[in-house]
Amino acid sequence: MRKKKIVCFGGGGAMPQLILEPLKNFNFDIVSITSMVDNGGSTGALRKEFNTMPAGDIRRHLLALSEGEKWKKELWQFRFAKDIEISPQHFGHNFANVFITGLESIFGNFEEALNICHQFLNVRGMALPAILDKVQLVAELEDGSLIEGEEEIDLGKNHNRDLKIKNVYLKPKARAYQKAIDEIITADNIIIGPGDLYSSLIPCFLGKGWKEAMAQSHAKKIFICPAMTKWGETQNYSIKDFTEAIEKYLGVPLDFVIFNNNIPSKDTIKKYQEEKKEEFVLNPPIINNDLDKNKFIGEDLLLDGLEIKYDQQKLFSFLKKIINF
């Protein structure tokens, strides 16, 4: 009997830890797909020096799906030259970044490098790139100005971050990775997120062919809406705004949108206003009367305490009910 296939989309931050790590404990055919636009820190420095694919996000997917020995996982995360500033606020090189870059340079083939990484870490399932072309992410702001590079879009201080993002695209244009496309066509469930909308999630779907694949796929499509908005990307976005943006680039409607409906305490809000006001703002009013209750499903998904972050156990338990396993 064929195992159910679950395909997960996300960057290198929240999704691997919140979704992939617990998912690998179940009897599913698991495929994770990440965007390939990272150009900051260790990844950016290696990419610039060796003209290779960015390793920073996919290395986290590989680790999350790893069933390898403890020492291999620890080595995978080991960082060299921690006192050397590679780029502003980024120090040292991660072992996995160097390992993947070295393999690609030796073999001249990112796919071969990826195959070796799967073997080294004893990966359960597959971690795949959304594209195999070397590209940069470009964002067009509401005033028509352009920002190039995922790092500048994500963290940069060289543009007016009060301006909203109007559109994002790849430069140069690129095709979706055919192996990843094939997995979408045969998927039973597709999970998107959580993660930053324009610098992490949407870049997964910018390669030519993704919209056609999504239209062909009969999978249940589930979007996990971020718990917070982000200054410079999604300030003042509602759950509906997040959903419409994802559907625009996906090319098809989502079946379910999961969101957090736990309004944080006043102390937590105050803490974020004082410490993180330059990076994050709270998600606008969470309970929305005009949302389709069959599609938009809210639940308390936050960690207890003074952090506005998703709780892995809460989120995954809720996700299990949606997927029905």
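For this chain, numbers begin at 1 and follow the sequence in order.
- Between P16 and A64 the shortest heavy-atom distance is O-CB, 3.5 Å.
- Taking each heavy atom of T52 and S105 in turn, the nearest pair found is CG2-OG, 3.7 Å.
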- Query: Can you check side chain to side chain contact (heavy atoms under 4.5 Å, CB included) on F28 and D188, steps first, answer last?
  - Reply: CA-CA 10 Å; F28 292 115; D188 296 290; over 6 Å; no
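- Looking only at side-chain heavy atoms (C-beta outward), S145 and H159 stay at 4.5 Å or farther from each other.
- No hydrogens or angles considered: nothing links the side chains of D267 and S265 as a donor-acceptor pair under 3.5 Å.
- When all heavy atoms are compared, the tightest approach of C204 to T34 is SG-C, 4.0 Å.
- Under a cut-off of 6.0 angstrom, the local environment of NZ in K72 is crowded, with over 12 non-hydrogen atoms contributed by other residues, nucleotides or ligands.
- R59 and N97 share a donor-acceptor pair across their side chains, judged by distance under 3.5 Å alone.
- I58 and L128 make their closest contact through CD1-C, 3.7 Å (heavy atoms, listed as atom of the first residue, atom of the second, distance).
- The main-chain N or O of G10 is found under 3.5 Å from a side-chain atom of H61 such that the two form a donor-acceptor pair.
- With rounding to the nearest 0.5 angstrom, the CD1 atom of I258 is 6.0 Å from the CD1 atom of I222.
- Two residues are said to be in side-chain contact when any heavy atoms from C-beta on lie closer than 4.5 Å; C117 and I100 meet this criterion.
- Using a 4.5 Å cut-off on side-chain heavy atoms (C-beta onward), M53 and K134 make contact.
- Using modelled atom types, one side-chain atom of Q235 and one backbone atom of R161 make a donor-acceptor pair closer than 3.5 Å.
- Annotation for Q313: atom CD does not count as buried by contact number, only 12 or fewer foreign heavy atoms lying within 6.0 Å.
- V31 has its side chain out of reach of I184: every pair of non-hydrogen atoms, C-beta onward, lies at least 4.5 Å apart.
- When all heavy atoms of L302 and K314 are compared, the pair lying nearest together is O-NZ, 2.7 Å.
- For K171, the NZ atom is loosely surrounded, since the number of other residues' heavy atoms within 6.0 Å does not exceed 12.
- Note on Y249 and L254: same hydrophobic cluster, where clusters join Ile, Leu, Val, Met, Phe, Trp and Tyr whose side-chain heavy atoms are under 4.5 Å apart, directly or indirectly.
- Shown here are the side chain to side chain contact (heavy atoms under 4.5 Å, CB included) partners of K211, two or more places apart in sequence or in another chain: there are none.
- Panel note: side chain E233, backbone S199; a donor-acceptor pair is recorded below 3.5 Å.
- L141 and Y169 end up in different hydrophobic clusters when Ile, Leu, Val, Met, Phe, Trp and Tyr side chains are linked at under 4.5 Å.
- Side chain of K24 to main chain of E67: no donor-acceptor pair is present (N/O by atom type, distance under 3.5 Å, no hydrogens or angles).
- Judged by distance alone, the side chain of Y177 and the main-chain N or O of I33 form no donor-acceptor pair under 3.5 Å.
- Cluster membership for M36 and V168, using ILVMFWY side-chain heavy atoms within less than 4.5 angstrom, is shared.
- Taking the ring centroids of F120 and F99, they lie under the 6.0 Å cut-off.
- No donor-acceptor pair under 3.5 Å is formed between the side chain of D57 and the backbone N or O of G11.
- T268 contributes atom OG1, which lies 10.5 Å from atom CG of L303 (distance to the nearest 0.5 angstrom).
- Side chain of E152 to backbone of I147: no donor-acceptor contact under 3.5 angstrom is found.
- Counting non-hydrogen atoms of neighbouring residues, nucleotides and ligands closer than 6.0 angstrom, the NZ atom of K3 exceeds 12 such neighbours.
- The closest side-chain heavy-atom distance from L206 to L137 is below 4.5 Å.
- Between D133 and K208, no side-chain nitrogen of the basic residue sits less than 4.0 Å from a carboxylate oxygen of the acidic one, so the salt-bridge criterion is not met.
- In this structure a side-chain-to-backbone donor-acceptor pair under 3.5 Å is present from K221 to A219.
- When side chains are defined from C-beta on, L62 counts as touching L114, because their heavy atoms get closer than 4.5 Å.
- No more than 12 heavy atoms of other residues, nucleotides or ligands sit less than 6.0 Å from atom NZ of K48.
- In this structure, Y237 and Y198 have perpendicular ring planes: the angle between them is above 60°, well past the 30° mark.
- In this structure, D38 and G56 approach most closely via the heavy-atom pair OD2-CA, 3.9 Å.
- Between the side chain of N189 and the backbone N or O of I6, no donor-acceptor pair lies under 3.5 Å.
- Donor-acceptor pairing under 3.5 Å is recorded for the side chains of Q178 and D182.
- Following chains of ILVMFWY side-chain contacts shorter than 4.5 Å, one can reach L63 starting from L75, so the two form part of one hydrophobic cluster.
- Between the side chain of N261 and the main chain of D300, a donor-acceptor pair closer than 3.5 Å is present.
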- Message: Applying side chain to side chain contact (heavy atoms under 4.5 Å, CB included) to C8 and M15, what does each step give before you reach the verdict?
- Response: CA-CA 8 Å; C8 304; M15 192 279 280; 3.8 Å; yes
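- A salt bridge links K5 and E183; the closest N-O separation between the charged side-chain nitrogens and carboxylate oxygens is under 4.0 Å.
- With salt bridges taken as basic N to acidic carboxylate O contacts below 4.0 Å, one links K295 and E247.
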- Task: Let me see the working for I19 and I224 under side chain to side chain contact (heavy atoms under 4.5 Å, CB included), right down to the final yes or no.
- Result: CA-CA 10 Å; I19 306 300; I224 302 173; 3.7 Å; yes
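- For an aromatic pair to be called close, the ring centres must be under 6.0 Å apart, and F316 with F26 satisfies this.
- For residues 209-229, the set of pairs meeting the ring-ring contact (aromatic ring centres under 6.0 Å, His included) definition, not counting sequence neighbours, comprises F9-W210.
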- Task: Let me see the working for I192 and L250 under side chain to side chain contact (heavy atoms under 4.5 Å, CB included), right down to the final yes or no.
- Result: CA-CA 10 Å; I192 302 166; L250 209 60; 3.9 Å; yes
- Candidate pair W76 and N94, rule side-chain hydrogen bond (donor to acceptor under 3.5 Å, both in side chains), full reasoning: CA-CA 8 Å; W76 198 251; N94 173 276; 5.9 Å; no
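- Residues I30 and V123 share a hydrophobic cluster, clusters being chains of Ile/Leu/Val/Met/Phe/Trp/Tyr side chains in contact below 4.5 Å.
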